[in-house]
Structures are given as C-alpha cells and as structure tokens.
Amino acid sequence: MTPLEELALRTADGDRDAFAEIYGTLVDPVYRYLYWNLECREDAEDLAEEVFLKCLLNIGAYDPKRGPFKAWAFRIAHNLMVDHQRKRSRRGREALRDDLENGASPAPESLEDGERAQALRESLEGLPSNQKQVIVMKYFAEMSNAEVAKALGRSEGAVNAMQHRALRRLGKALEEQGWK
Amino acid sequence: MTLMQRGKREALEAAAVTFLSEVITPEASSRLRDHGLQRVWVRAVQQEEAKAPAAARRTYRSPALLRHVIVVAMAVLMVMLVSTTGAYAFSYNAQPDSPLYGTKIFFERARITLTPSSTEDIRLEMRYSERRMEELQKMAASGNQEGADRWSREYSRNIEGAGILFDTTSPRETEELSAHFQEMLYRQASTMQVMCQGQPPGLCESIDSAYRVCDQEMMHMRQRRGQQEPESPQQEPGGQQHNGNCPPGDEPPSQETTTPGERTYDSPAAGDPDPMPSGDAPSAPGAPQMDSPVSEKDTEQQEAEHQSSGMQHGHLP
C-alpha cells in the first residue's frame with residue numbers, strides 16, 4: 001500500500017493530520033490539472049477546494065483494492081471539472097473571454113512564458129477531450145499511465161495510445177505555430 | 001510505417017514533451033496553499049452538521065400529512081379510550097337482567113386474562129364472586145328473577161375458576177389465600193341460604209344451583225387443605241329448612257343428584273365455621289315446607305351404604 005492509501009485509511013478513521021498530508025501532497029497537482037482545463041486561476045483554486053472537500057466527505061467510500069488514491073481523487077476532480085465547464089458553457093463563451101482579458105490569470109513572469117502558455121492553451125484546445133485529459137494528467141498532475149487509466153475509466157493500453165496520439169498532435173500544432 | 005515517418009512521429013512527440021516540460025503553470029495563491037485546508041475542514045463540519053436535520057426531515061415528505069395522520073390517530077385512540085371507559089363505567093353496576101351485564105362480565109374476564117399471576121387471578125375470581133353476591137342481594141330485594149340463570153352461571157364460573165386455579169398452583173403459594181377462599185365460601189353459602197327464602201321459584205332455583213357449586217368447592221378446599229371430612233352427615237343444627245317453591249314431595253335437588261361419596265348440604269366438619277345459620281328460618285306463607293336437607297332416614301341410609309361400601313365421604317368418583 002502506498003503512503004497515500006495509508007493516509008486515506010487513517011483519514012477515514014478520523015486522523016486529521018493524515019488528511020493534512022494528503023492535502024499537502026495533492027494540492028499542487030490538482031490545482032495544475034484544473035488550471036490547464038479551466039484556464040482560470042480563481043476557478044481552479046475554488047474547484048480545487050471543492051475537490052478536497054468532496055474527498056474528505058467521501059473518504060469512507062474509498063477502497064484501496066479498487067485503485068490508487070490519487071486516481072480516486074482525480075476522478076473526483078475530473079467530474080467536478082466537467083460539471084463546472086457545463087455550467088460555464090451555459091454562461092457563454094463571452095464570459096470566459098472576459099475572465100481571461102480581465103486578468104483572471106496572473107501575469108506571466110516573462111513574455112516568452114506568456115507566449116508559451118498561450119500556445120499550449122491553443123494547442124490543447126485542438127485536442128479531443130480525452131487526449132487533452134491524458135496530457136494534462138500525465139504532464140501537469142504527474143500521474144502514471146495506470147493512475148490516468150483509473151481516473152478516466154480506461155485501460156492502460158488505451159491511455160498509452162491516447163498519449164502518443166495526443167503528443168503527436170500537440171507537436172504538430174506547436175510546429176505550425178513556429179515552436180520547435 | 002516507414003522509418004522516416006516513425007522518426008518524424010517520435011520527433012514530434014519528443015518536441016511536445018520538451019515543450020510541456022518547459023511550460024510554467026502559474027502558482028496557486030496563498031488562499032489555496034495556506035488557508036485552503038482549514039476552509040475545507042470548516043466546510044466539511046458545516047455540511048455534516050447540516051446533514052443531520054436534513055436526514056431527519058427526509059424521513060417524511062409532507063409535514064402537513066404527518067400532522068394530519070397523527071391527529072387522526074390520536075382522535076381514534078381518544079374515542080376508543082373514552083368509549084371503553086364509558087362502557088366500563090356504565091356497565092359497572094349492571095344487574096343480570098340488564099343488557100350491559102354482558103359488558104360487565106366481559107371487562108371482568110378481560111382483567112383476569114391480563115393479570116400475570118395465578119394468585120392474582122384467584123383474588124379476582126373471589127372479588128367477582130362477592131360482586132355476584134351483591135347482585136344477588138339486589139335481585140332478592142327487588143324480587144326480580146330475570147337474569148337469575150345468567151347470574152348463577154357467572155357465579156359458578158367465578159367459584160369453579162378459582163378452584164381450578166387453586167388446583168394448578170402450588171399449595172405453598174396459596175395457603176393463606178385458600179383459607180380466605182374457604183371462609184368466603186362459607187359466608188356466601190350462608191348468604192345464599194338466607195336469600196333463597198321467600199323468593200320467586202326461578203331465582204330460588206338459580207340460588208340452589210349456585211349453592212351446589214359453592215358446596216362442592218368447599219369440599220374440594222377441605223381435600224386440598226388436608227382437612228378431615230365430617231365423619232357422618234348430620235342434620236343441620238336447628239333443623240334448617242330450605243324454603244322455596246320446590247315441587248311438593250321432591251327431595252332437595254342436591255339430594256337427587258347425590259353420587260356416592262358426594263356431599264351436599266353437609267354439616268361442616270369439626271372446627272369449620274358453620275355455613276348454615278342455626279335456628280328456624282321463617283317460611284313463606286303457604287309455601288310447602290321442605291324437609292331439612294339431610295333427614296334422619298337419609299342419614300341412616302347413607303351410613304349403611306357407607307359402611308357396606310367402605311367409601312369415604314367426599315370421595316368423588
């Protein structure tokens with residue numbers, strides 16, 4: 001059993017410190033995952049808090065035999081993200097653009113970083129939804145293929161294949177944008 | 001796929017991976033990093049506390065409907081309680097000729113059924129037999145013979161019921177109670193003797209029937225308590241006369257049904273209180289006077305039979 005699974009079981013027994021360790025371990029990966037899906041820091045922070053709240057309230061339902069805890073937490077994150085995007089799409093894409101233009105994201109440290117981030121956003125927009133999830137989970141949430149598979153409810157082989165296709169498309173899109 | 005194509009793909013993938021590794025994600029604010037955990041705890045506690053009353057509320061959909069159901073149920077219970085109490089109160093003093101007498105008997109039976117112990121049942125049967133005697137006094141005072149048969153049946157049930165309970169209960173538990181019961185039987189027998197005088201035939205017959213049951217039970221109690229039967233049946237002290245409208249020439253009903261060993265209208269055993277008041281009892285004018293329950297002739301006959309058969313008095317077949 002990995003440390004996260006043990007911490008989850010201790011949290012279910014009422015150990016607050018165990019949950020604090022889980023929070024400390026997963027808060028950055030969860031935030032990054034949500035940031036690159038929602039493209040808004042405030043929304044990503046709000047939703048990250050929701051993810052941990054839901055994890056805590058349902059920690060008793062986690063069964064280590066069914067998969068890694070990280071995969072279980074990111075499944076929650078993925079579902080909340082999808083719900084959030086549905087609500088946001090009802091609000092309208094105009095609101096999203098306003099958020100971006102009004103500085104919902106912090107200013108990049110350098111111009112290049114800003115441009116790189118913008119290029120990545122545009123490239124990820126061009127990917128199918130499942131491939132985008134694979135890329136964001138693997139390279140920003142630092143999850144293994146097995147964990148991604150569990151979180152998305154797919155087989156590891158399928159995740160592997162989606163990863164390669166996604167990377168190729170990403171590479172091509174970046175190349176077209178002039179990034180080498 | 002050609003080598004070139006594979007190479008191209010691998011290059012694209014590698015380029016993408018490199019690019020991804022160089023992308024900087026804006027860091028989360030201190031709101032999430034430093035205070036997020038605390039907010040999560042607070043919200044979790046608030047949600048748990050909010051769940052409890054919501055769960056309680058979730059047990060029923062419509063408060064108004066539940067209120068209505070409770071009100072109706074309580075009203076039904078009240079009606080049942082009031083009607084039961086009312087029926088009990090109205091029937092308490094009912095006489096055997098009253099339509100409410102059945103209700104009165106019903107409540108008595110119900111109470112006996114609900115008592116947990118046999119000794120308590122015996123006490124109740126005794127108490128109810130005393131009630132029968134009160135009813136008899138009222139019937140005799142008014143000369144009303146309606147319901148007399150029913151009265152006699154209920155009295156018999158009380159006395160025989162108590163007797164059966166004594167049989168099924170340990171003598172040690174009921175020693176004191178059996179003495180009271182025996183005393184009560186003698187007293188009731190004496191009362192019935194007095195009551196019968198000058199009464200209508202229907203009532204007198206019912207009293208007679210009840211007397212036989214009382215006497216029978218007295219004999220059983222003597223046997224249970226290991227008391228000796230009187231050695232020989234004796235004439236009643238004072239020549240007790242049993243006045244009533246018995247057909248002329250008939251023996252007292254108890255004597256007609258006498259079986260060997262069965263005692264009826266016996267004089268009490270030595271030491272027992274005399275159930276039959278001594279002295280002449282006034283007879284109703286014009287009414288045929290009956291012989292004393294045990295005449296000298298019968299006594300002699302019974303003695304002869306007794307000696308020849310060797311049976312003991314009080315021995316039931």
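Residue numbering restarts at 1 for every chain, and letters A, B, ... go by the order of the sequence lines.
With a 4.5 Å cut-off on non-hydrogen atoms, A:R169 does not touch chain B at all. Both the backbone and the side chain of B:S29 come within contact range of chain A, with heavy atoms under 4.5 Å apart. Of the atoms belonging to B:E10, not a single heavy atom falls under 4.5 Å from chain A. At a 4.5 Å heavy-atom cutoff, the contact between A:Y139 and chain B is made by side-chain atoms alone. The parts of A:L120 that come within reach of chain B are both its backbone and its side chain, each placing non-hydrogen atoms under 4.5 angstrom from that chain.
Counting heavy-atom pairs closer than 4.5 Å to chain A, the top residue among B:A28, B:S21, B:G36, B:A44 is B:A28. Contact count versus chain B (heavy atoms, under 4.5 Å) is highest, among A:V27, A:I135, A:L57, for A:L57.
Residues B:R31 and A:D46 are paired through a salt bridge, judged by an N-O separation under 4.0 Å between the basic side chain and the carboxylate. A salt bridge links A:E49 with B:R43: at least one charged nitrogen is closer than 4.0 Å to a carboxylate oxygen. Ion pairing between B:E13 and A:K172 fails under the 4.0 Å rule for side-chain N and carboxylate O.
Under a 3.5 Å cut-off, the side chain of A:R41 and the backbone N or O of B:E27 do form a donor-acceptor pair.
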Dump the intermediate steps for side-chain contact (heavy atoms from CB on, under 4.5 Å) on B:R33 and A:D28, then the final yes or no. CA-CA 8 Å; B:R33 287 177 162 279; A:D28 283 334; 3.2 Å; yes
Run the side-chain contact (heavy atoms from CB on, under 4.5 Å) check on B:L32 and A:Y23 step by step: do they pass? CA-CA 10 Å; B:L32 182 66; A:Y23 187 90; 3.4 Å; yes
Would A:F52 and B:L37 count as a side-chain contact (heavy atoms from CB on, under 4.5 Å) here? Give the steps. CA-CA 8 Å; A:F52 286 101; B:L37 177 61; over 6 Å; no
Go through it in stages, so that I can follow the logic: the residues are A:L170 and B:V17, the test is side-chain contact (heavy atoms from CB on, under 4.5 Å), and I'd like the CA-CA distance, side-chain angles, deciding distance and then a yes or no. CA-CA 9 Å; A:L170 208 61; B:V17 170; over 6 Å; no
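Separating the CZ atom in B:F19 from the CD atom in A:Q177 is a distance of 7.5 Å, to the nearest 0.5 Å.
Annotation: B:R109, atom CZ; neighbour count of heavy atoms from other residues, nucleotides and ligands within 6.0 Å is above 12. Within 6.0 Å of atom NZ in A:K150, 12 or fewer heavy atoms from other residues, nucleotides or ligands are found, so the atom counts as exposed in its surroundings. The neighbour count for A:R10 CZ, taken as heavy atoms of other residues, nucleotides or ligands under 6.0 Å away, is above 12.
Summarising the geometry of A:G171 relative to B:A16, their closest heavy-atom pair is N-CB, 3.8 Å, with the distance given to 0.1 Å.
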